[in-house]
Amino acid sequence: MSDLYIYNSYTRQKEKFEPITPGHVGLYVCGPTVSGESHMGHARPYVTFDLVNRYLQHHGYKVRYVRNITDAGHFEEEGREAEDKVAKKAQLEKLEPMELVHKYTSLFHWAMRLFNCLEPSIEPTATGHIIEQINMIQDIIQKGYAYEVNGSVYFDVKKYAEKYPYGKLSGRVIDDLLETTRDLEGQDEKRNKVDFALWKKAPAEHIMRWTSPWGEGFPGWHIECSAMSSKYLGETFDIHGGGMDLQFPHHESEIAQSTIAHGHPPVNYWMHNNMITINGKKMGKSYNNVIKLTELFSGNHPILEQPYHPMVIRFYILQTHYRSTLDFSNEALQASEKAFRRLWEAYEVLQKLQPNTGAASDKALDAKVTTWCHECADFMNDDLNTAKVIANLFELAPVINSIKGGQVKPDALSGETYALLLQTFKTYLVDIMGMQPLQAAQSNKLDQVLSLLIDIRRDARQRKDFATSDQIRNTLAESGILLKDEKDGSVSYTIE
RNA sequence: GGUCGCGUGGCCGAGUGGCUAGGCACAGGUCUGCAAAACCUCCUACAGCGGUUCGACUCCGCUCGCGACCUCCA
């Protein structure tokens with residue numbers, strides 16, 4: 001198999017992917033903060049890195065995919081009254097923090113299943129790794145790069161930057177940061193404004209708290225990912241993924257912490273997906289333009305003209321390269337839905353086609369089809385360009401449909417090419433892109449009922465009793481069951 | 001204000017120094033009792049202005065517009 005190239009955010013270029021341990025890949029992805037419901041924007045990294053996971057496996061790697069659950073919460077606003085997000089919401093909703101966390105974790109898992117995202121190998125929680133985080137903080141203090149003030153511990157970014165390239169990942173210049181970082185209240189504890197908290201002292205009212213060498217408190221923003229990734233993937237691992245908005249300060253801080261704790265940078269390849277925008281603006285809490293996943297699936301949101309199936313969202317995400325912004329609109333999503341239906345139907349048609357056994361009678365077409373199939377591998381190897389893979393599948397769809405429709409002879413393609421075609425759809429659409437049909441498998445009973453209606457309608461049509469035949473078709477259509485008269489006289493149906 | 005990125009046809013979106021993806025919509029046609037689907041055809045774009053080049057949408061500069069990060073954020 002040819003080489004895989006991925007864009008490394010750290011070096012800002014595409015690089016050949018070479019794992020640390022041959023045959024194995026360590027992949028860490030920043031998971032959800034389960035203090036609230038996931039929204040559409042959150043779907044992007046999880047679909048994107050599900051793709052990464054699947055594709056690495058397709059390449060023959062054994063992948064350990066670690067995706068954390070942030071259930072300890074971060075500060076609502078740095079410097080001001082330190083609040084644990086999870087605890088705050090829990091008080092408002094009169095729920096126990098763990099109850100709340102459990103609820104949103106379950107909801108997240110539910111959404112991941114609907115998106116057909118493979119489960120990570122390990123899904124560690126922040127609250128389950130307090131000791132690891134404390135140990136790491138102590139280590140950093142001992143090495144002289146963190147200091148304690150009033151029960152809180154801060155990382156000394158200025159000192160770190162003297163020796164290490166702080167800001168390289170996010171393209172930041174330390175001197176600029178020292179000058180331009182916004183002046184927030186209550187920063188006097190820090191030696192420099194750029195310093196970030198490793199551990200925060202918990203105010204009396206704070207529900208989530210743990211005993212530490214510095215008193216009762218809770219871990220800072222970034223330490224959990226460093227502690228958990230190194231525990232499960234090692235001090236240096238292959239790929240770290242997440243949304244672009246996490247580059248700074250989250251990932252930059254991870255690099256700094258881990259570099260001090262372990263003596264070397266933690267990650268070989270940084271991958272960042274771009275944002276989903278709505279009317280050109282990033283979807284996010286601060287913009288108040290969030291569409292939650294539950295709303296998306298139900299259509300229950302003022303912006304939404306209809307519900308959208310999780311597979312439609314997935315397809316919509318994969319139709320765009322992961323490093324480009326993706327703008328939400330009903331029009332775009334509806335286009336994706338139609339497109340996906342067409343592509344999936346072509347795949348179903350392909351599976352039912354009687355393959356040719358001999359040579360190709362249309363050499364030119366056979367060659368084109370072969371090329372389109374083989375190109376998919378090149379596109380994926382070029383930084384996972386699913387947009388191009390999908391485009392090629394759409395080149396193949398009319399060929400398939402034309403064979404079925406009779407516009408192209410069944411023996412146009414060789415038996416080998418038939419097999420390649422089938423394998424290409426199976427491999428790329430199903431295995432790598434993780435697509436599933438929109439409609440669930442029908443029950444036998446429904447199938448029997450519909451067969452009966454189809455038979456009655458066929459009789460009516462033969463008698464030219466079109467009133468009856470149309471009544472059957474139209475009434476079924478009203479309930480979302482569409483009948484299609486095929487060229488060969490058979491009738492198929494789809495359920496919306 | 002600082003840093004970075006983007007601006008592609010009605011819409012969404014790939015991509016490349018010359019061979020001008022793909023999807024959706026639109027229009028015309030084939031097929032069909034009708035419908036739907038399918039198939040064929042049509043629609044030929046790269047913000048503006050300069051520059052480099054035999055040739056730029058693609059490289060460089062400037063201008064305009066937009067966005068992201070700088071604060072929790074996927």
Side-chain angles (χ1 to χ4, degrees), chain A residues 12 29-33 35 38-49 73-80 83 85 167 170-173 175-177 179-182 184 194 221 241-250 252 272-277 280-287 290 315-316 319-321 323-343 345-346 349 379 382 385-395 397-402 404-408 461 464-466 469-470 473-474 477 482-487 492 494:
Chain A
R12 291 161 193 263
V29 174
C30 289
T33 300
S35 60
S38 296
H39 64 249
M40 192 175 173
H42 295 120
R44 176 104 105 140
Y46 305 127
V47 169
T48 299
F49 290 101
H74 294 311
F75 306 130
E76 195 65 56
E77 203 170 334
E78 165 69 352
R80 235 180 252 177
E83 289 171 319
K85 250 199 246 173
S170 54
R172 236 124 295 220
V173 180
D175 292 332
D176 292 346
L177 286 172
E179 284 168 23
T180 61
T181 297
R182 219 195 287 177
L184 296 167
V194 283
W221 316 344
M244 264 183 182
D245 50 353
L246 294 182
Q247 270 186 2
F248 190 90
H250 187 56
E252 201 72 69
H272 292 96
N273 63 275
N274 214 132
M275 302 291 100
I276 287 183
T277 58
K281 277 214 164 52
K282 173 186 167 183
M283 187 178 286
K285 288 174 277 249
S286 11
Y287 295 106
V290 162
F315 191 72
Y316 164 71
Q319 266 183 307
T320 306
H321 186 81
R323 284 191 288 113
S324 299
T325 53
L326 173 57
D327 198 50
F328 164 87
S329 69
N330 281 286
E331 223 183 342
L333 238 29
Q334 282 158 11
S336 286
E337 179 172 334
K338 284 191 182 168
F340 176 60
R341 279 183 193 279
R342 198 162 90 81
L343 198 56
E345 272 188 52
V349 166
F379 296 154
D382 183 15
N385 199 329
T386 50
K388 285 188 118 181
V389 171
I390 290 172
N392 267 31
L393 295 181
F394 271 113
E395 296 283 9
V399 177
I400 294 165
N401 289 328
S402 295
K404 183 197 176 196
Q407 295 94 336
V408 167
R461 288 181 71 206
K464 300 215 184 296
D465 176 8
F466 296 121
S469 70
D470 287 352
R473 188 181 64 205
N474 296 339
L482 301 178
L483 299 186
K484 278 200 291 192
D485 295 323
E486 302 289 355
K487 279 222 168 115
S492 65
T494 56

Task: Audit row: A/K282, A/T325, side chain to side chain contact (heavy atoms under 4.5 Å, CB included) steps and yes/no - done: CA-CA 9 Å; A/K282 173 186 167 183; A/T325 53; over 6 Å; no
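- B/A56 and B/G61: their C1' atoms are spaced 15 Å apart (whole Å).
- Rounded to the nearest Å, the gap between the P atom of B/G5 and that of B/C62 is 13 Å.
- Contacts of A/N401 with the nucleic acid, taken as non-hydrogen atoms under 4.0 Å apart, involve only primed sugar atoms and P, OP1 or OP2.
- A/K388 comes within 4.0 angstrom of sugar-phosphate atoms only, judged by non-hydrogen atoms across all strands, and of no base.
- Rounded to a whole Å, the CD atom of A/Q407 is 13 Å from the C1' atom of B/G29.
- Comparing the P positions of B/A35 and B/G29 gives an interatomic distance of 13 Å, to the nearest angstrom.
- Stacking of A/F466 onto the six-membered ring of B/G33 is present: less than 5.5 angstrom between centres, less than 30° between planes.
- For B/C60 and B/U53, the P atoms lie 16 Å apart once the distance is rounded to whole Å.
- Heavy atoms of A/M244 sit nowhere under 4.0 angstrom from any nucleic acid atom.
- Here A/R323 contributes atom CZ and A/M244 contributes atom CE; the two are 7.0 Å apart, rounded to the nearest 0.5 Å.
- Among the nucleotides B/A74, B/C24, B/C40, the one closest to the side chain of A/P398 is B/C40.
- The side-chain heavy atoms of A/H250 and A/C30, taken from C-beta on, include a pair separated by under 4.5 Å.
- Residue A/N474 contributes atom CG, which lies 11 Å from atom C1' of B/A36 at whole-angstrom precision.
- If you check every strand for non-hydrogen atoms under 4.0 Å, A/D485 touches a base.
- In this structure B/G61 sits in a base pair with B/C49, meeting the Watson-Crick or G-U test at under 3.5 Å.
- The same atom, C1', is picked in B/C46 and in B/G10; the two are 16 Å apart, to the nearest Å.
- Residue contacts for A/L246: at a heavy-atom cut-off of 4.0 Å it reaches the sugar-phosphate backbone alone, with no base atom in range.
- Within the nucleic acid shown, A/Y287 comes within 4.0 Å of sugar-phosphate atoms alone, with no base atom in reach, counting heavy atoms only.
- Taking atom NZ of residue A/K285 and atom P of nucleotide B/A68, one finds them 15 Å apart after rounding to whole Å.
- Between A/I390 atom CD1 and B/C12 atom C1' the separation is 13 Å, expressed in whole Å.
- Among the atoms of the strands shown, none is found under 4.0 Å from any heavy atom of A/L343.
- Distance from the side chain of A/L326 is smallest for B/G13 among the nucleotides B/A74, B/G13, B/G23.
- The phosphate of B/C73 has neither OP1 nor OP2 within less than 4.0 Å of any side-chain N or O from A/K282.
- In this structure B/U32 sits in no base pair that meets the Watson-Crick or G-U test at under 3.5 Å.
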TODO: Evaluate side chain to side chain contact (heavy atoms under 4.5 Å, CB included) for A/V194 paired with A/R172, printing each intermediate quantity in order.
DONE: CA-CA 12 Å; A/V194 283; A/R172 236 124 295 220; over 6 Å; no
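- For A/R342 and B/G23, a side-chain-to-base donor-acceptor distance below 3.5 Å is absent, hydrogens and geometry of angles not being considered.
- If you check B/C39, B/A74, B/G23 against the side chain of A/Q319, the one that comes closest is B/G23.
- For the pair A/R12 CZ and B/G5 C1', the computed distance is 10 Å after rounding to whole Å.
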- [ ] Before giving the answer on salt bridge (charged side-chain N to carboxylate O under 4.0 Å, His left out), spell out for A/D485 and A/R461 the whole-Å C-alpha distance, their side-chain angles and the decisive distance to 0.1 Å.
- [x] CA-CA 11 Å; A/D485 295 323; A/R461 288 181 71 206; 3.3 Å; yes
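- With a cut-off of 3.5 Å on both Watson-Crick or G-U wobble distances, the partner of B/U44 is given as none.
- Among the nucleotides B/A14, B/C24, B/G23, the one closest to any side-chain atom of A/N385 is B/A14.
- Between A/K484 atom NZ and B/C39 atom P there is a gap of 10 Å when expressed in whole angstrom units.
- In terms of heavy-atom proximity, A/Q407 sits nearest to A/N401 at OE1-O, 4.0 Å.
- Ionic pairing of A/E337 and A/R341 is present here: one or more N-O contacts between side-chain nitrogen and carboxylate oxygen are shorter than 4.0 angstrom.
- Nearest-nucleotide positions on RNA chain B for A/G405 and A/R461 put A/R461 closer to the 5' end.
- Each of A/F248 and A/N273 has a nearest nucleotide on RNA chain B; the 5'-most of these lies closest to A/F248.
- Among the nucleotides B/G33, B/G15, B/A74, the one closest to any side-chain atom of A/S469 is B/G33.
- When the P atom is compared between B/C66 and B/G22, the two are found 32 Å apart, to the nearest whole Å.
- Remark: the A/D327 side chain and the B/G13 base include no donor-acceptor N/O pair separated by less than 3.5 Å.
- Heavy atoms of A/E395 sit under 4.0 angstrom from primed sugar atoms or phosphate atoms, though from no base atom.
- Going from atom CZ of A/R172 over to atom P of B/G5 covers 12 Å, rounded to whole Å.
- Distance CZ (A/R323) to P (B/A68): 19 Å, rounded to an integer number of Å.
- Checked against B/G33, B/C24, B/A14, the side chain of A/H321 finds its nearest nucleotide in B/A14.
- Using the Watson-Crick or G-U wobble rule with both distances under 3.5 Å, B/C4 pairs with B/G67.
- A salt bridge does not link A/E345 with A/K404: none of the charged nitrogens is closer than 4.0 Å to a carboxylate oxygen.
- The side chain of A/A391 lies closest to B/A21 when the candidates are B/G23, B/C34, B/A21.
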TODO: Begin from the C-alpha positions of A/R342 and A/F394 and carry the test side chain to side chain contact (heavy atoms under 4.5 Å, CB included) through to its verdict.
DONE: CA-CA 9 Å; A/R342 198 162 90 81; A/F394 271 113; 3.9 Å; yes
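- Using a 4.0 Å heavy-atom cutoff across all strands shown, A/G41 reaches at least one base atom of the nucleic acid.
- Heavy atoms of A/K281 sit under 4.0 angstrom from primed sugar atoms or phosphate atoms, though from no base atom.
- Rounded to the nearest Å, the gap between the P atom of B/C26 and that of B/C59 is 35 Å.
- A donor and an acceptor atom sit less than 3.5 Å apart, one in the side chain of A/R473 and one in the base of B/C34.
- Among the atoms of the strands shown, none is found under 4.0 Å from any heavy atom of A/T277.
- B/U30 and B/G18 have their P atoms separated by 40 Å, with the value rounded to a whole Å.
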